[in-house]
Amino acid sequence: MNVSTILIILLIGAFATYFSGDKLASKVALLFSLAALGCSIVLLNNYNAGENISVINSWITQPKISFALNADGLGLAMVLLTAALTPIIIFSSFGNEYRNSKAFYGLILFMAFAMTGTFLASDGLLYYIFWELALIPIYFIALIWGNGDAEERRKAVVKFFIYTLAGSLFMLTAFIYLSQKANGSFLIEDLYKVQLSACEQFWIFLAFFLAYAIKIPIIPFHTWQANVYQKAPTVGTMLLSGIMLKMGLYSVIRWQLPIAPLAAKEYMYIFIALGIAGVIYGSIVALRQNDLKKLLAYSSLAHVGLIAAGSYTLTLDGLRGAVLQMIAHGFVVVGLFFAAEVIFRRFETREIAELGGIRTQSPKFTSMFLILVLASVALPSTFNFVGEFTVLYSLSQINIWFAILGGTTIILGAYYMLRMFQHVMLGETNSKTFADVSLNEGISFAVIIAVLLFFGFYPKPITDLITPSLETILQVINKN
């Protein structure tokens, strides 16, 4: 099977969903997303069988741009994350009604297409095109189908769009400069070979950092995040937090560190410190939130700060822990935002002060929500523990204080997440009726929890998949 097949499925699926009409749109979108998941599993089997899963065709001769896709272990891990979460997100939305649903679900598949392309692209300009394409559908999803006051929503979404687009322009400038040094080529293997001075590497590194820090986000480039997460429909928030921010974290490892390794080594402590600052800041601000989605947004900020810190350690443990935590965070944050949506469907509020007493009405939902909360705080035997422990271990190899400060995510995270659980789920029976979880809600939760528990006990398949790619990237970094 050709690696481009998954992109074709998602792109055709986006158009087929739109033309299927509002009544069938959700089901058609789910069908194509499951087909893409099946395709990604076939690609994984081919990769494990030793096949070279890549495509490279000349696309534009001047400048020299290739339609180049490559699926190594790292890229496949991110493609599998996207392919697995997309049908879960679509299926979880079946409890909501959306006006013009054909456009809504079509945009979801188009966004999955762009994000998958970002993880597979091995030509810098092709990668940039996919990177920018992913921004378009989430802009419309958040703007048209979002929550709250229309004017406030518009301001939040436009700010996010401008921030992200502005950061990406710095990255594009870096790619153009690098291609001139690589005889006009944008291919990643040619860009890796470019010899840059320390000064040149600093500016290239900074240009990439601005694009990725906004997307992830890393403080102080995070100011768009909480409002957009709150204003976007829950499906949009899931796409942003579960998959889209991983584009930035993945790109740090794939593009930024190997292309500018001298700068990465020189300024390592600064960028690790920024990541850890995000851990502490996100956790403290989360403590003060009364809106459930905003609390989860700042919790996500804290967790991705730790992932970024692990990436910048330039160690195998740091990179491996970061990727493991990316995947684990993707599943748990989608599960938590879906839980917030289930509560909103019943109570029509996300204000924590107005909730409570759900446990007495819905023990099943309470149990599933508790598992997600415990996974979020990295309880041993959950997938998040594996990645978080590995990242903290890598930080201790650089400086023990980084590990101690980074570990505050466990302490503070446990405090604000368990306190939130207590206020939302426990207490006296709420005057509003909380219906027990429906079949499709239960299936969505069960799949997410199964992944978190399975890989919490047995992370070896993912570790074995990503390690060779990360070792290759570290070899490129350490050549300079």
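Remark: the N384 side chain and the T382 side chain contain no N/O donor-acceptor pair separated by less than 3.5 Å. No side-chain donor-acceptor contact under 3.5 Å links S241 and Y229. A donor-acceptor pair shorter than 3.5 Å can be found between the side chains of S4 and N2. Using modelled atom types and a 3.5 Å distance limit, the side chains of Y163 and Q225 yield no donor-acceptor pair. Side-chain atoms of T467 and R320 include a donor-acceptor pair closer than 3.5 Å. Checking S251 against Y127 by side-chain atom types alone, a donor-acceptor pair falls below 3.5 Å.
Put simply, the side chain of V391 reaches to within 4.5 Å of the side chain of L395, judged on heavy atoms. E341 is not listed as a side-chain neighbour of S92, based on a closest heavy-atom distance of 4.5 Å or more. In this structure, the side chains of F208 and V252 stay at 4.5 Å or more apart for every pair of heavy atoms. Proximity of F104 to F140: side-chain heavy atoms (C-beta onward) are nowhere separated by under 4.5 Å. Residues L239 and M244 fail the side-chain proximity criterion, which asks for heavy atoms closer than 4.5 Å. Between H329 and K246 the shortest side-chain heavy-atom distance falls below 4.5 Å. Contact of the L336 side chain with the M417 side chain is registered, since non-hydrogen atoms from C-beta on lie closer than 4.5 Å. Taking 4.5 Å as the limit, every side-chain heavy atom of T472 sits out of range of all side-chain heavy atoms of L74.
Using bins of under 30°, 30° to 60° and over 60° for the plane-to-plane angle, the ring pair F369/F421 lands in the tilted bin. Taking the six-membered ring where tryptophan is involved, the planes of F205 and F209 are essentially parallel, since the angle between them stays under 30° and well short of 60°. Classification of the F113-F130 ring pair by plane angle, with boundaries at 30° and 60°, yields perpendicular.
Not a single donor-acceptor pair under 3.5 Å links the side chain of Y139 to the backbone N or O of V157. Remark: side-chain polar atoms of T390 are paired, donor with acceptor, to backbone N or O of V386 under 3.5 angstrom. Under the 3.5 Å distance criterion, the side-chain polar atoms of W145 are matched with a main-chain donor or acceptor of R99. In this structure a side-chain-to-backbone donor-acceptor pair under 3.5 Å is present from T173 to L169. For S101 (side chain) and D22 (main-chain N/O), a donor-acceptor pair under 3.5 Å exists by modelled atom type. Between the side chain of S469 and the backbone N or O of G73, at least one donor-acceptor pair lies under 3.5 Å. Within the 3.5 Å criterion, the main-chain N or O of I65 finds no donor-acceptor partner in the side chain of D123. Side chain of K102 to main chain of S26: no donor-acceptor pair is present (N/O by atom type, distance under 3.5 Å, no hydrogens or angles). Under the 3.5 Å distance criterion, the side-chain polar atoms of Y105 are left unmatched by any main-chain donor or acceptor of I90. Not one N or O on the side chain of S300 forms a donor-acceptor pair closer than 3.5 Å with the backbone of L296.
Distance check, rounded to the nearest 0.5 Å: CG of L319 to CD1 of I253 gives 5.0 Å. Note that the CD1 atom of I129 and the OG1 atom of T118 stand 10.5 Å from one another [nearest 0.5 Å]. Rounded to the nearest 0.5 angstrom, F32 CZ and L109 CG are separated by 8.5 Å. Here the CE atom belonging to M368 is positioned 9.5 Å from the OG atom belonging to S444, to the nearest 0.5 angstrom. Rounded to the nearest 0.5 angstrom, M247 CE and T82 OG1 are separated by 9.0 Å. Note that CD1 of I449 is 12.5 Å distant from CZ of F331, once rounded to the nearest 0.5 Å.
Counting non-hydrogen atoms of other residues, nucleotides and ligands closer than 6.0 Å to OH of Y18 gives a total of 12 or fewer. Within a 6.0 Å sphere centred on OH of Y393, other residues, nucleotides and ligands contribute 12 heavy atoms or fewer. Taking a 6.0 Å sphere around NZ of K159, one finds it holds more than 12 heavy atoms contributed by other residues, nucleotides or ligands. Within 6.0 Å of the CZ atom in F389, the count of heavy atoms belonging to other residues, nucleotides or ligands does not exceed 12. For Y47, the OH atom is densely surrounded, since the number of other residues' heavy atoms within 6.0 Å is greater than 12.
Judged as a ring-ring contact (aromatic ring centres under 6.0 Å, His included), the pairs with a partner in residues 438-458 (not counting sequence neighbours) are, in order, F338-F445, F365-F445, F383-F455.
Across F175, Y212, F119, a single residue satisfies ring pair (Phe, Tyr, Trp, His ring centres under 6.0 Å) together with W131, and that is Y212. A side chain to side chain contact (heavy atoms under 4.5 Å, CB included) with P258 holds for exactly one of L191, I473, L474, I188; it is I473.
Heavy-atom minimum distance, G310 versus S394: CA-OG, 4.4 Å. Nearest heavy atoms, V332 versus S376: CG2-N, 3.8 Å. Closest approach of E132 to S168, counting heavy atoms only: OE1-OG, 3.0 Å.
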Legend entry - Steps toward side-chain hydrogen bond (donor to acceptor under 3.5 Å, both in side chains) verdict (D317, T315): CA-CA 5 Å; D317 285 326; T315 64; 5.7 Å; no
Inset, instruction - Test side chain to side chain contact (heavy atoms under 4.5 Å, CB included) on L126 and L69 and set out the steps. - result: CA-CA 9 Å; L126 181 66; L69 305 173; 4.0 Å; yes
Inset, instruction - Test ring-ring contact (aromatic ring centres under 6.0 Å, His included) on Y128 and W255 and set out the steps. - result: CA-CA 11 Å; Y128 174 80; W255 296 93; over 10 Å; no
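Look at D149 and K155 and you find no salt bridge, because none of the NZ, NE, NH1 or NH2 atoms lies under 4.0 Å from a carboxylate O.
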